[in-house]
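In listed order, ligands and their atoms are each counted from 1. None of these values were measured; they are calculated from a predicted model.
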Amino acid sequence: MTTTDERPAGFENNDHKPIGHGRMLRKEDPRFIRGKGNYVDDVQLPGMLHCAILRSPVAHARIVSIDTSAAEAHPKVKAVVTGAALTGLGLAWMPTLSGDVQSVLATDKVRFQGQEVAFVVAEDRYAARDALELIDVEYDLLDPVIDVRMALDPSAPVIRDDLDGKQNNHIFDWETGDEAATEAVFASADVVVSEDIVYPRVHPAPMETCGCVADYDRIDSRLTLWSTSQAPHAHRTLYAIVAGLPEHKIRVISPDIGGGFGGKVPIYPGYVCAIVGSIVTGKPVKWMEDRSENLTSTGFARDYIMRGEIAATRDGKILAVRTNVLADHGAFNGVAAPVKYPAGFFGVFTGSYDLQAAYCKMTAVYTNKAPGGVAYACSFRITEAVYLIERIVDCLAYELEMDPVELRMRNFIQPDQFPYRTKTGWVYDSGDYEPTMRKALELAGYDELRREQAERRARGELMGIGVSFFTEAVGAGPRKDMDILGLGMADGCELRVHPTGKAVVRLSVQSQGQGHETTFAQIVAEEIGIPPADIDVVHGDTDQTPFGLGTYGSRSTPVSGAAAALVARKVRDKARIIASGMLEVSVADLEWVKGAFHVKGDPGKSVTIQDIAMRAHGAGDLPEGIEGGLEAQICYNPENLTYPHGAYICVVDIDPGTAQVKVRRFVAVDDCGTRINPMIIEGQVHRGLTDGVGMALMEMIAFDEDGNCLGGSLMDYLIPTALEVPDWETGFTVTPSPHHPIGAKGVGESATVGSPPAIVNAVVDALKPFGVRHADMPLTPSRVWDAMRGVPRPPI
Ligand code: PCD
Ligand SMILES: [Cu+]
């Protein structure tokens, strides 16, 4: 029998519940583990109708006609809407986050399989789905562009003929670094290694699919939208701009969200359909995607074909890196990234190494595939960048016949070089790489593993050891450097302490499972000494919270976490003045010990923050010029991004008979600066490492030559479970961020970023006896088998 006093391992001594940072069970979990979370699909409103979307069965076709009469005649159907009807409302097209336009419902052509063609609003979910089958669409098939390498061929069909004068499938060219300087270094280097490296198209695949409930009030012209959004405020502003409604008439609520992983950053056509459905019918309308709609039509990630080149001296000093990328953006450029960075933060592809030169060139193209390029557990293409550099460094180690750890250590940026300006212009705030690497080596028992490997190799067994070392750029971002569609990336935060000393903190960011209700209470608790249990975290509702750009790119702790600490300090400053009045001493004579002010030299004379809160709201006198109440608000504009780092070591065994890869061990040492809640951090790391196993070994959204998506269900798109992953071994070092008020850096995506190269490096290492230097993800048994037999790699 379990008693309520029982604590999981690690919590035995935890009755103290930290007032501030520290290991603490999550405040939100009593709700989640009892099945009492409140997700969008739990929202039920009186008279609510249901929306279902008709999607294109083909990848590229002209729409000849759409006959909706049979669907309209269905007894439970309230409305059937096509692109033509939306054109009349000026809503057939909507802007994407990257300044392209995307059709809400196709008018002229369909451009990917799964594209939205029409929607039905009906009395229940079943009737809405049934009525979809009554809609008759005639398509005139066009040749699809599926092979991204063919997209720029002059003979390729033009996908985006909706764009004025568009004659090809080119989206943008982008470059960073110094081409000439890099060329000069390459020309005189002892060793140059190059490799074609593919990061396949994958999907964030959150447990909860996307959806919303739209409730438009015709009398007041007010729209309330419950939606699966990672960025409620940014979404509200975009709806306001597109629909011409004032912001105060729109309320976006993101209740509990069942995982986001970047996939809930964009605005999808389904949201707009539900809103239009509610406007047209005058009733609340719910739209919830099913799994296959989620996998085939909402934002994918990656899909980069990268040529990596590295130049070094014979003894392993890395001099320069260069890369050329072909980016498949699908049918509409829906990339989620700050506007000035069309390729996101790929510019950190120089990794954790001190180089003389670097250069990157990228070309993005349209294809007949679902749009996206969302930052799936990836601060805007950092995942791709880290994979590229960590793979190519291993290719170099292979050529130099050098140990991959040794090679990395020889090239690390040194502690005294921080803040370090990279050759592509990013300024790494802080880092101390070698101790992190050494800790991972120690945890793994690296030397012993190498000895074991040699023995096994001699017996014909395939054991591999893979290493990766990453630096991420998270916490977008300084207003001077970045914006999304003109919106600056600063975050508001508001803190109110009630008379009895309980508090409420209001955030612009939005948790999708990361535990913000706990960690943000802890941040405030650390600063003003009110226990986390007494601090309520309010988020995910634009009517209740200050403006800010939302949660993605591990930005909540770097940006809103800083805002929460600073707003609490502002409250503490006011509390200090009130305390000086209460204790009848000058402000300078007060000392703050978490939770109370003491008179210096007389600790017996003190007032707690709770006493002060009561005085602030009470009838007694307050010091001159001090207003009643104890609250503050702030808008925090970060000075720079934060740059967490980590060292990962993976051990795999490959079955020589079946080519099945088993991840035997995985050691992850992360440095995210000051740690708020170590338990949550470990959970975040475990999550990301599992992502890594999925991408490295199992996951890929593939297409056949007609453009049929082959990954439309979780039977075809494999995601890892507890069975495919080992017991994670984690460790940490702490290198605080110098510009963040509490020194914290983001961590939510670190493990997704750092683990795929460690796993692939381990598999390639295991295959060394076969002369394999590179193999592309996902390393399924068939791909590993081919690599063992020297079969050329598949094109995509
Ligand atoms: N130093 C430090 C840091 C951090 N932390 C913690 O941890 C977490 C995280 O954090 P961050 O890093 O800041 O992050 P955020 O912003 O909050 O979040 C975001 C992320 O998060 C992650 N994780 C997660 N988890 C869960 N559960 N779910 C989800 O969905 C998710 N998602 C993912 C992603 S992908 Mo993107 O969106 O792609 O861009 S981005 C992302 C939180 O709670 C916090 O507080 C601590 O403690 N400390
Ligand atoms: Cu990415």
Side-chain angles (χ1 to χ4, degrees), residues 18 20-24 26-29 32 202-208 228-231 254 256-266 299 301-302 336-338 344-345 372-383 472 474-476 491 507-524 526 532 537 539 548-562 564-565 641-642 644 670-688 690-691 732 734-737 740 742-753:
H21 307 162
R23 207 170 270 275
M24 181 187 135
R26 304 201 321 169
K27 291 175 65 176
E28 43 272 86
D29 283 345
F32 291 139
V202 294
H203 199 278
M207 264 217 268
E208 177 202 38
T228 51
S229 167
Q230 294 180 225
S254 291
D256 288 326
I257 302 293
F261 310 108
K264 289 170 181 166
V265 173
R302 330 289 188 235
F345 299 169
V374 299
Y376 158 33
C378 163
S379 181
F380 315 115
R381 305 292 187 177
I382 293 258
T383 313
E472 270 184 287
V474 304
D491 281 357
L507 308 174
S508 60
V509 288
Q510 160 63 25
S511 178
Q512 302 98 43
Q514 298 87 314
H516 289 181
E517 287 166 49
T518 308
T519 47
F520 279 82
Q522 290 185 270
I523 294 173
V524 172
E526 178 77 27
V537 174
H539 57 181
L549 276 217
T551 291
Y552 41 82
S554 302
R555 67 184 295 281
S556 304
T557 307
V559 187
S560 276
L641 301 163
T642 66
D670 277 278
D671 190 322
C672 56
T674 304
R675 294 152 60 85
I676 300 152
N677 186 328
M679 181 199 74
I680 286 186
I681 294 174
E682 280 156 24
Q684 290 289 305
V685 171
H686 291 182
R687 182 205 68 69
T690 308
D691 265 359
F732 66 94
V734 176
T735 313
S737 166
H740 189 280
I742 60 173
K745 303 180 179 184
V747 76
E749 304 164 301
S750 298
T752 308
V753 173

- Query: Are any of the heavy atoms in Cys378 under 4.0 Å away from ligand 1?
  - Reply: yes
- Query: What protein heavy atom sits nearest atom 38 (O) of ligand 1, and how far off is it?
  - Reply: Ala375 O, 1.9 Å
- Query: Under a 4.0 Å heavy-atom limit, does Thr674 contact ligand 1 with its side chain, its backbone, both, or neither?
  - Reply: backbone
- Query: Quick one: do the Gln512 and Gln514 side chains pair a donor with an acceptor below 3.5 Å?
  - Reply: yes
- Message: Please compare Gln510, Gln512, Gln514 and report which has the shortest non-hydrogen distance to atom 43 (O) of ligand 1.
- Response: Gln514
- Item | Closest protein heavy atom to atom 7 (O) of ligand 1, given as residue, atom name and distance to 0.1 Å | Ile680 CG2, 3.7 Å
- Atoms of ligand 1 less than 4.0 Å from Tyr376 heavy atoms? 38 (O)
- Query: With distance as the sole criterion, is a donor-acceptor pair present between the side chains of Ser554 and Glu472 under 3.5 Å?
  - Reply: no
- Query: For Cys378, which of Thr752, Asp691, Thr383, Val474 qualifies under side chain to side chain contact (heavy atoms under 4.5 Å, CB included)?
  - Reply: Thr383
- Among all protein non-hydrogen atoms, which one is nearest to atom 23 (N) of ligand 1, and what is the separation to 0.1 Å? Gln684 OE1, 2.6 Å
- When you measure from the side chain of Ser254 to the backbone N and O of Thr228, does any donor-acceptor pair fall under 3.5 Å? no
- Query: To the nearest 0.1 Å, how far is atom 48 (N) of ligand 1 from its closest protein heavy atom, and which atom is that?
  - Reply: Ile676 N, 3.1 Å
- What residue and atom, counting heavy atoms only, is the protein's closest point to atom 3 (C) of ligand 1, and at what distance? Lys745 O, 3.1 Å
- Close-contact set for ligand 1 against Ser556 heavy atoms, below 4.0 Å: 13 (O), 15 (P), 16 (O), 17 (O)
- Message: Would Pro558 count as a contact residue for ligand 1, given that I'm defining contact as a non-hydrogen atom of the residue lying under 4.0 Å from a ligand atom?
- Response: yes
- Message: Please list the nearest protein heavy atom to atom 32 (N) of ligand 1 with its residue and the distance rounded to 0.1 Å.
- Response: Phe261 CD2, 3.4 Å
- Item | Region of Gln230 that comes within reach of ligand 1 [heavy atoms, distance under 4.0 Å] | side chain
- Item | Closest non-hydrogen atom pair, Phe261 against Gln230 | N-OE1, 3.7 Å
- Item | atom 36 (Mo) of ligand 1: the protein heavy-atom neighbour that sits closest, reported with distance to 0.1 Å | Glu749 OE2, 3.0 Å
- Shortest non-hydrogen contact between Thr518 and Met24, atoms and distance: CG2-CE, 3.8 Å
- Task: Would you name the heavy atoms of Thr674 and Ile742 that are closest together and state the gap between them?
- Result: OG1-O, 2.7 Å
- Task: Measure the acute angle between the ring planes of His539 and His516, then classify it against the limits of 30° and 60° as parallel, tilted or perpendicular.
- Result: tilted
- Item | Test of proximity, Gly259 against ligand 1: N or O pairs below 3.5 Å | no
- Would you find a donor on one side and an acceptor on the other, under 3.5 Å apart, between the side chain of Arg381 and the backbone of Arg302? yes
- Task: Answer yes when Arg23 and Glu682 have at least one side-chain N-carboxylate O distance shorter than 4.0 Å, and no when they do not.
- Result: yes
- Query: Starting from atom 11 (P) of ligand 1, which protein heavy atom do you reach first, and at what distance in Å?
  - Reply: Thr557 OG1, 3.5 Å
- Query: For atom 39 (O) of ligand 1, which candidate among Gly553, Ala301, Ser511 provides the closest heavy atom?
  - Reply: Gly553
- Return the minimal non-hydrogen interatomic distance between Pro266 and Val374, and the atom names on each side. CG-CG1, 3.5 Å
